[in-house]
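Since this is a predicted model, take the numbers as computed values, not measurements.
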Amino acid sequence: VAHVDMSEVEETLKRISGHKGVTGIVIISKEGVAIKSTLDPNLTTQYSGLMTALMDQCKSVVRELDPSNGLTFVRLRTKKHEIMIAPDAEYYLVVIQNPNDA
């Protein structure tokens, strides 16, 4: 297991949060547990469960279409939000932004 430098994580979160339109960031383990979040606890729990389920489904679709391919990024845009999910070996980085402010 790789060592995680929490000050580096904090710095990255601060940098991402500073982007125009960003309304929240959640780092979620592959098991669906929020590790770090800028959202309130209820939203954090909701995003953690839903984004984990979404990513499992997306990975499954990509594998089904082409077993030699892998999921590298998901961007979901709704009328109110744009949700970007970057998967890592052990975590998902979820960034929520208002597309009208970005």
Side-chain angles (χ1 to χ4, degrees):
V1 177
H3 171 70
V4 177
D5 182 355
M6 285 314 283
S7 63
E8 206 173 294
V9 171
E10 291 293 339
E11 196 54 47
T12 301
L13 289 179
K14 216 178 287 176
R15 187 172 43 80
I16 294 170
S17 293
H19 285 276
K20 195 168 167 24
V22 171
T23 57
I25 301 169
V26 188
I27 299 174
I28 308 165
S29 73
K30 294 286 171 146
E31 293 76 37
V33 177
I35 296 161
K36 197 91 178 137
S37 178
T38 62
L39 301 174
D40 72 58
N42 289 339
L43 264 180
T44 296
T45 301
Q46 189 174 25
Y47 269 93
S48 297
L50 293 172
M51 293 304 119
T52 302
L54 175 66
M55 292 302 283
D56 289 346
Q57 190 66 46
C58 287
K59 281 191 276 191
S60 177
V61 167
V62 170
R63 263 195 315 269
E64 190 76 29
L65 291 170
D66 179 356
S68 68
N69 206 349
L71 185 68
T72 58
F73 194 79
V74 172
R75 176 177 244 151
L76 179 69
R77 189 164 182 156
T78 67
K79 289 178 185 172
K80 294 181 179 179
H81 300 105
E82 186 170 39
I83 302 167
M84 294 160 289
I85 311 163
D88 187 64
E90 298 177 33
Y91 310 103
Y92 297 122
L93 172 63
V94 180
V95 178
I96 302 115
Q97 69 178 20
N98 181 333
N100 304 314
D101 291 347

**Q** Looking at CE of M55 and SG of C58, how far apart are the two atoms once the value is rounded to the nearest 0.5 Å?
**A** 6.0 Å
**Q** Distance from T23 atom OG1 to L39 atom CG, nearest 0.5 Å?
**A** 7.0 Å
**Q** Carefully, step by step, assess I83 and M51 under the rule side chain to side chain contact (heavy atoms under 4.5 Å, CB included).
**A** CA-CA 9 Å; I83 302 167; M51 293 304 119; 3.9 Å; yes
**Q** In Å and rounded to the nearest 0.5 Å, what is the CG to CG distance from L54 to L76?
**A** 6.5 Å
**Q** How many angstroms lie between atom CD of Q57 and atom CD of E64, to the nearest 0.5 angstrom?
**A** 10.0 Å
**Q** Among N69, V74, T72, which residue meets the side chain to side chain contact (heavy atoms under 4.5 Å, CB included) test with V62?
**A** N69
**Q** So does D88 get a backbone contact from the side chain of K30, meaning a donor-acceptor N/O pair under 3.5 Å?
**A** yes
**Q** Would M84 end up clustered with L71 when hydrophobic side chains under 4.5 Å apart are linked, directly or stepwise?
**A** no
**Q** Check the pair I27, L13 against side chain to side chain contact (heavy atoms under 4.5 Å, CB included), reporting the backbone distance first and the verdict last.
**A** CA-CA 10 Å; I27 299 174; L13 289 179; 4.0 Å; yes
**Q** Please round to the nearest 0.5 Å and tell me the distance separating atom CG of N100 and atom NZ of K79.
**A** 12.0 Å
**Q** Find out if a path of hydrophobic residues (ILVMFWY) with successive side-chain heavy-atom gaps under 4.5 Å connects V95 to I28.
**A** no
**Q** Is L93 reachable from Y47 through a run of hydrophobic residues whose side-chain heavy atoms are each under 4.5 Å from the next?
**A** no
**Q** For the atom pair OG1 (T45) and CG (D40), what is the distance rounded to the nearest 0.5 Å?
**A** 8.5 Å
**Q** Going only through I, L, V, M, F, W and Y residues with side-chain contacts under 4.5 Å, is there a path from V26 to L43?
**A** yes
**Q** Does V61 sit in a hydrophobic cluster with other residues, and if so which ones, taking ILVMFWY side chains as linked at heavy-atom separations under 4.5 Å, directly or through other members?
**A** L65
**Q** Do any N or O atoms from the side chain of S48 and from the backbone of T44 form a donor-acceptor pair under 3.5 angstrom?
**A** yes
**Q** If you take all heavy atoms of E82 and P99, which pair is closest and at what distance?
**A** N-CD, 3.8 Å
**Q** Under the salt bridge (charged side-chain N to carboxylate O under 4.0 Å, His left out) rule, collect the residues that match up with K36, sequence neighbours excluded.
**A** E10
